[in-house]
Enquirer: 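Take this structure first; my questions come after.
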Amino acid sequence: MTTGDLWPTRAETATCTWTKRQRKRRGPEMTDELTPFMTLADTAELIRTRRVSPVEVAEFHLARIESIDSSINSFFTVTADKALEQAREAERDIAGGNYRGPLHGIPFSVKDMFMTAGVRTTTGSFILENWIPEFDATPVRNLLDDGAVLLGKVATLECGTGAPDEGPFPAPRNPWNAEYSPAGSSNGSGASIGAGMGLLSLGSDTGGSIRIPASFAGVVGLRGTYGRVSRWGHVALSWSQDVAGPIARTVLDTALAYNALSGYDPRDPASADLPVPDFTERLGHGVGGLRIGVDEAHFFDDGLDEDVKVAVWAALRTLEDLGAKIKKIDLPTVASSHDAQNLIHSSETHAYHRERITTTPEKYGPTIRSYLRNGALIPAFDYLNAQRIRNRVRTEISRALRDEVDIIASPTTPRAGVKLTDFTTKKRMKPGGAHLAHMTNPFSQAGVPAISIPCGFSEYGMPMGFQLVGRAFDESTVFQAAAAYERETPWHAMHPDI
Amino acid sequence: MMENIESIEVFEERAAISGLGKMTQEDLLLVKQYYDGAASASARLFDLVTLDDEPASTFTPGWVNPMQG
């Protein structure tokens, strides 16, 4: 299926071929077909119909990174030469009639937690500052095999959970307001896509690290079902919860990326050997008859900002107007998911980093160093108790999704945006209703798919996100509901003035 | 359930037994902040857990069975 089979795009389907001479004459600044916030799907259509070449697209995005990323700090490493080489290869393939699909020639970035062959993979830490892996992580390889073009490696919190500014790089800033953080841990993915640098970014999500930065950047982020996308080649954070997934501008873009990312990989012990559907297939189906569950006690409690509450209820009303049935549900144990997360995350992260944190602790920043050390002090029975409670959280969510509703909805975060000065790990780890991952943690623990889509702006002008959660391996219904909402609302088409 | 540790000296001793080696006082206090948060979480979960609760098995086919739950 091509993107043209789905929704109308700005690109006409007229056929023409580009030539080297045309490309040289036009250059990135003169490519009037391309705009900074164009979607992946629209760009793919321009490439497919040969109105722009992959080289033009790569040059356009590299020029944008060059011109604006010094104020955003989203890229750790820009792989300009490699990108242009891959783009030229894509151009040759397409000219030769070997169009591979909607990711062919599409520029993407990768959170610096994923290994990339020949490109340094730092995890945002001095501990791996100069590490150059010899192979690509499976999700990176999947995107490259579909002809996507690697622009570079984008920011992560140190080792996926530390501070944003205690490693070798400056803290990324939110493209909507430089005083705000894009949160984390896929902060570079959210910030770069929000700023129109690249069309797709590969992130990873343990307790909310795809959905939270997507929400704060006003873009779409999907944490798929645990086991759907291989994590082979991802530097682990918390094995039992880590998931790789896409951040992009729209639901369609995210679904196109997820098509490429999904599939069985025997090198990841949690990888699911299940058929992968075409996730774009049901995007136009609407929400008529879908039952959407809301647990007000946990997701609309006192810790929620009024702006967010109003925006998410408005989003639910939109879905109701489109034919969905909104139903109250009760998930009593999700209130304990943050406590379970605290113990599981700390223990697993310590286990992964044990050797380095005990032999070269000075190479870690103070925040992550303290956090990793704490993991050594959690007894096994506390880790297991946390897993027992997590199992209850998972069971409650799975039962609600099996017996009562098709989708669970909630805000993505309790507030819209967080100032850079407030974004310290110490503050993020504070238990309670205002914790940034309050809404996302329970679904990470349940292993079910969850998407964040834009649903408005706060009174201080920061984007807000709306989370839709589905049954395990039923990402299609999640995409279906998200696409229906997106079609009815303008938020995904808004972008920062940058 | 994790123990509440008030004394920084006792905490330092516990950290050393756990293989964390010598730390600066500043680092020790930072680790203790995390520890205190984890100990509170542990106490709340201890009150909640029952004999019927089994731990989640994360790397078995059951984990990825959409019908489980």
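Computation of the quantities below employed the complete heavy-atom set of this structure, encompassing side-chain atoms and omitting hydrogens, waters and symmetry-equivalent molecules. Every chain is numbered from 1, with letters handed out A, B, ... down the list of sequences.
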Enquirer: Taking NZ in A/K363 as the centre, count heavy atoms belonging to other residues, nucleotides or ligands within less than 6.0 Å. Is the count above 12?
Expert: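 No, because the 6.0 Å sphere around NZ of A/K363 holds 12 heavy atoms or fewer from other groups.
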Enquirer: Where is the tightest heavy-atom contact between B/K22 and A/R373, given as atom of each residue plus distance?
Expert: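 Residues B/K22 and A/R373, closest heavy atoms: O-NH2, 4.3 Å.
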Enquirer: Is the closest side-chain heavy-atom distance between A/L372 and B/Y34 below 4.5 Å?
Expert: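 A side-chain contact under 4.5 Å is absent here.
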Enquirer: More than 12 heavy atoms of other residues, nucleotides or ligands under 6.0 Å from OH of A/Y264: is that the case?
Expert: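 Yes.
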Enquirer: Taking all non-hydrogen atoms of both residues, which atom of B/L48 and which atom of A/R392 are closest, and how far apart?
Expert: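 Heavy atoms of B/L48 and A/R392 come nearest at O-NH2, 2.8 Å.
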Enquirer: If you count every heavy atom of other residues, nucleotides or ligands that lies below 6.0 Å from B/E26 atom CD, does the total exceed 12?
Expert: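 Incorrect, the count does not exceed 12.
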Enquirer: Quick check: closest heavy atoms across B/A41 and A/D339, and the distance to 0.1 Å?
Expert: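 Here B/A41 and A/D339 meet closest at CB-OD1, 3.4 Å.
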Enquirer: Could you tell me which portion of A/A340 (side chain, backbone, both or neither) has an atom closer than 4.5 angstrom to a non-hydrogen atom of chain B?
Expert: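 Both backbone and side chain of A/A340 come within 4.5 Å of chain B.
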Enquirer: Of all heavy-atom pairs between B/A38 and A/I378, which one has the smallest distance, and what is that distance?
Expert: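 Of all heavy-atom pairs spanning B/A38 and A/I378, the closest is CB-CD1, 4.3 Å.
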Enquirer: Got a second to check how far B/M2's CE is from A/F381's CZ, nearest 0.5 Å?
Expert: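 Answer rounded to 0.5 Å: 9.0 Å.
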Enquirer: Under 4.5 Å from any heavy atom of chain B, what part of A/L377 do you find: side chain, backbone, both or neither?
Expert: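 Both backbone and side chain.
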Enquirer: Which value, rounded to the nearest 0.5 Å, describes the distance between B/M23 atom CE and A/R369 atom CZ?
Expert: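 One gets 10.0 Å once the value is rounded to the nearest 0.5 Å.
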Enquirer: So, A/R388 side chain and B/T50 main chain: donor-acceptor pair closer than 3.5 Å or not?
Expert: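 Yes, A/R388 side chain to B/T50 backbone: donor-acceptor pair under 3.5 Å.
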Enquirer: For a 4.5 angstrom cut-off between non-hydrogen side-chain atoms, does B/L20 reach A/H350?
Expert: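 A side-chain contact exists here, since the closest heavy-atom pair is under 4.5 Å.
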Enquirer: Please output the residues of residues 5-16 of chain B in contact with chain A, using a heavy-atom cutoff of under 4.5 Å, in numerical order.
Expert: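 Against chain A, the residues of residues 5-16 of chain B that fall inside the cut-off (heavy atoms, under 4.5 Å) are B/F11, B/R14, B/A15.
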Enquirer: Heavy-atom pairs under 4.5 Å with chain B - which of A/L343, A/L384, A/T333 has more of them than the others?
Expert: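 So the answer, after comparing A/L343, A/L384, A/T333, is A/L343.
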Enquirer: On a heavy-atom basis, which atom in B/D27 and which in A/S370 lie closest, and how many Å separate them?
Expert: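 Heavy-atom minimum between the residues: O-OG, 4.3 Å.
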Enquirer: Using heavy-atom distances under 4.5 Å, tell me whether A/R354 contacts chain B through its side chain, its backbone, both, or neither.
Expert: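 For A/R354, side-chain heavy atoms alone lie under 4.5 Å from chain B.
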Enquirer: Looking at side-chain heavy atoms only, is the closest gap between B/S42 and A/N385 below 4.5 Å?
Expert: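 No, their side chains stay 4.5 Å or more apart.
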Enquirer: The test is side-chain contact (heavy atoms from CB on, under 4.5 Å); show your working for B/D53 and A/N391 and say whether it passes.
Expert: CA-CA 8 Å; B/D53 287 309; A/N391 201 35; over 6 Å; no
